[in-house]
Protein chains: 2
Amino acid sequence: MFSNDVKGSEAAQPDETKAERTRRKVYDTAMTLFRERGFDETTMRDISQQAGMALGTAYYHFPSKEAIIASYYESTQYRHHAYVVEHLSGHKALQDRLKMVFHSKIEQVQGDRRLLGTIFRYTGDPQHPLSVLGEGTRSLQQQSVATISLALRGERFPREIAELLPVALWGLQMGALLYLLYDTSEGQTRTFRLMDQSLALTVQLLSVARKPLLAPIITPILRQVSGILGDARINLQPPIKQPPTKE
Amino acid sequence: MFSNDVKGSEAAQPDETKAERTRRKVYDTAMTLFRERGFDETTMRDISQQAGMALGTAYYHFPSKEAIIASYYESTQYRHHAYVVEHLSGHKALQDRLKMVFHSKIEQVQGDRRLLGTIFRYTGDPQHPLSVLGEGTRSLQQQSVATISLALRGERFPREIAELLPVALWGLQMGALLYLLYDTSEGQTRTFRLMDQSLALTVQLLSVARKPLLAPIITPILRQVSGILGDARINLQPPIKQPPTKE
DNA sequence: GTCTATACGTGGATAGAC
DNA sequence: GTCTATCCACGTATAGAC
């Protein structure tokens with residue numbers, strides 16, 4: 001739907017074409033203004049003026065203001081994935097890995113809370129290409145699940161848990177992002193605490209669930225949850241098991 | 001923030017003032033157009049023209065298009081509460097009561113799925129008076145929790161559960177509404193099934209949690225969840241224990 | 001292909017006359 | 001309370017320069 005080659009890095013590459021440079025200029029200027037004033041308060045005319053170009057030029061590279069946000073949306077997912085891949089080997093225990101994945105996600109968007117809100121705005125419109133739950137962002141959703149699932153690499157879980165855990169964690173991440181939006185505490189410490197506690201609880205529950213004594217009670221419940229979600233067609237497991245990392 | 005005397009009933013009252021009649025006319029016309037074409041596709045000019053009045057007149061009664069949606073938002077909560085109060089005595093078992101409460105909520109907004117999406121649009125902006133999670137709708141949130149809690153009347157739960165259940169059910173309702181938005185199944189049967197299954201599971205879990213054998217395992221977990229939520233200041237218990245029903 | 005300059009129509013919102 | 005006139009920002013279109 002939207003073109004997509006700005007990757008969010010604001011460092012210019014030397015072999016950029018002129019068009020790419022202009023496009024980046026639009027993107028960077030827009031992001032700066034969005035962060036300063038907010039999305040709605042920034043007009044395409046502001047952006048083009050600030051970037052020192054004509055209105056038509058900005059529109060030439062981005063069909064709409066939303067398209068700029070779409071680029072940002074994609075770039076965050078891309079960068080998060082890259083970060084996680086790079087830092088995975090430094091964390092061995094499950095809880096450490098989960099913390100790393102979730103912390104980096106929050107830190108990444110921490111300075112852009114207002115922008116984040118702009119992305120959530122389309123959630124109520126399933127048809128909108130930017131709806132975080134809609135068809136239009138399906139591949140981003142699956143990528144996100146895949147990124148999170150990297151933290152689970154090498155772990156062995158019972159079938160039922162292995163099936164539910166990735167989506168559950170994705171939901172947790174969504175919840176954390178939403179909470180972040182509303183978190184006015186200094187440095188958003190509340191969000192981090194909420195996340196850490198939730199993850200600790202999760203890991204704890206996972207180990208409880210593994211106890212053979214409790215299995216007969218827990219397994220049917222998990223099956224039931226699985227059934228409900230499956231029935232509701234809530235399923236974000238990406239079709240490819242491995243995320244796009246060459247190896 | 002927004003004025004609020006349209007209660008969503010489209011039946012005119014005989015003792016209405018002229019202003020009230022005009023206001024209702026604006027509201028009713030707007031709702032009809034919103035339902036037919038959608039919120040964004042309906043202009044204030046459309047509304048005023050269809051209602052046979054000047055643009056300025058419509059704006060005199062509603063300071064903005066959003067204010068009309070705000071009225072709708074309030075009226076649904078009001079009507080749901082009234083419905084639940086009226087039908088509570090017909091349902092004795094907990095699960096029946098929950099089903100009644102949740103079904104009526106969904107049925108009430110079933111025809112307005114697009115409008116519902118419009119309400120969710122402001123969730124990303126904590127400052128916005130219409131954000132479903134924001135300060136601006138706090139009292140509506142608490143009313144909604146109170147309405148749901150009516151289904152729990154007379155039930156006895158352990159402290160930890162009694163504390164968590166209302167918010168949890170509110171979250172479930174939010175989830176169901178969100179799911180409804182995306183549910184294209186005939187008559188939204190999927191949403192109803194998802195809800196029924198979730199409620200059945202909930203009731204089942206409640207009875208499991210009551211078993212004395214499992215209490216030592218479950219209670220500390222619930223305490224922990226309670227602690228996390230409390231820490232995060234997620235608390236929607238209305239300050240008044242009893243919702244506004246005279247008795 | 002990339003960019004500028006300019007103009008038009010639409011829609012939300014407001015001011016002021018009646 | 002109601003209407004008319006108006007403002008302003010937006011998306012879009014276009015004609016042409018390089």
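First the proteins, then the strands, lettered A, B, ... as listed; each starts at 1.
- In this model, no side-chain donor or acceptor of B/Arg23 finds a partner on the base of D/dG1 within 3.5 Å.
- For the pair B/Glu41 CD and C/dT10 C1', the interatomic distance rounds to 14 Å; values are reported in whole Å.
- The salt bridge (Lys or Arg N to Asp or Glu O under 4.0 Å) search around B/Glu107 returns none, not counting sequence neighbours.
- Without hydrogens or angle criteria, B/Glu20 side chain to B/Thr17 main chain gives a donor-acceptor distance under 3.5 Å.
- The separation between A/Phe62 atom CZ and C/dT2 atom P is 13 Å, rounded to whole Å.
- Within the structure, every side-chain polar atom (N or O) of B/Tyr59 is placed at least 4.0 Å from both OP1 and OP2 of C/dG12.
- In this structure, B/Arg193 pairs ionically with A/Asp231, as a charged nitrogen and a carboxylate oxygen lie closer than 4.0 Å.
- Between the P atom of C/dG12 and the CG atom of B/Leu55 lies a distance of 9 Å, rounded to the nearest Å.
- B/Gln49 places its CD atom 13 Å from the P atom of C/dT10, with the value rounded to the nearest Å.
- When distances are taken from the side chain of B/Lys18 to each of D/dT12, C/dG12, D/dT2, the shortest belongs to D/dT2.
- Here the nucleotide nearest the side chain of A/Met44, chosen from C/dT4, D/dC3, D/dG11, is D/dG11.
- Looking at which nucleotide of DNA chain C each of B/Asp46 and A/Ala19 is closest to, the 5′-most match is held by A/Ala19.
- One atom, CD of B/Glu66, and another, P of C/dG11, lie 17 Å apart when rounded to the nearest Å.
- Looking at residues two or more places apart in sequence or on another chain, you find no ring-ring contact (aromatic ring centres under 6.0 Å, His included) involving B/Tyr182.
- Residue-level contact check: B/Thr43 touches the backbone only, with heavy atoms under 4.0 Å from sugar-phosphate atoms and none from bases.
- For C/dC3, the OP1/OP2 oxygens have no side-chain nitrogen or oxygen of A/Tyr60 closer than 4.0 Å.
- For the pair A/Arg114 and A/Phe39, the NZ or CZ position fails the cation-pi test of under 6.0 Å to the six-membered ring centre and within 45 degrees of the ring normal.
- When rounded to the nearest whole Å, the span between CD1 of A/Ile47 and P of C/dC3 equals 16 Å.
- Ranked by how close their nearest DNA chain C nucleotide is to the 5' end, B/Asp40 and A/Ala54 are led by A/Ala54.
- Counting any heavy atom pair closer than 4.0 Å across all strands shown, B/Thr42 reaches sugar-phosphate atoms only and no base atom.
- Side-chain contact, B/Gln173 with B/Ser144: a donor N or O sits under 3.5 Å from an acceptor N or O.
- For D/dC3, one of the phosphate oxygens OP1 or OP2 lies less than 4.0 angstrom from a side-chain nitrogen or oxygen of B/Thr57.
- If you check D/dT2, D/dT12, D/dG11 against the side chain of A/Lys65, the one that comes closest is D/dG11.
- Along DNA chain D, the nucleotide closest to B/Arg45 and the one closest to B/Thr22 are compared, and the more 5′ of them pairs with B/Thr22.
- Using cut-offs of 30° and 60° for the angle between ring planes, the A/His103 and A/Phe192 rings count as tilted.
- Residue B/His61 contributes atom NE2, which lies 16 Å from atom P of C/dA13 at whole-angstrom precision.
- For DNA chain D, none of the residues of residues 113-122 of chain B falls under the heavy-atom distance limit of 4.0 Å.
- The distance between atom CE of B/Met53 and atom P of D/dG1, rounded to the nearest whole Å, is 13 Å.
- Of the charged side-chain nitrogens involved, none lies within less than 4.0 Å of a carboxylate oxygen, so that A/Asp28 and A/Arg21 do not count as a salt-bridged pair.
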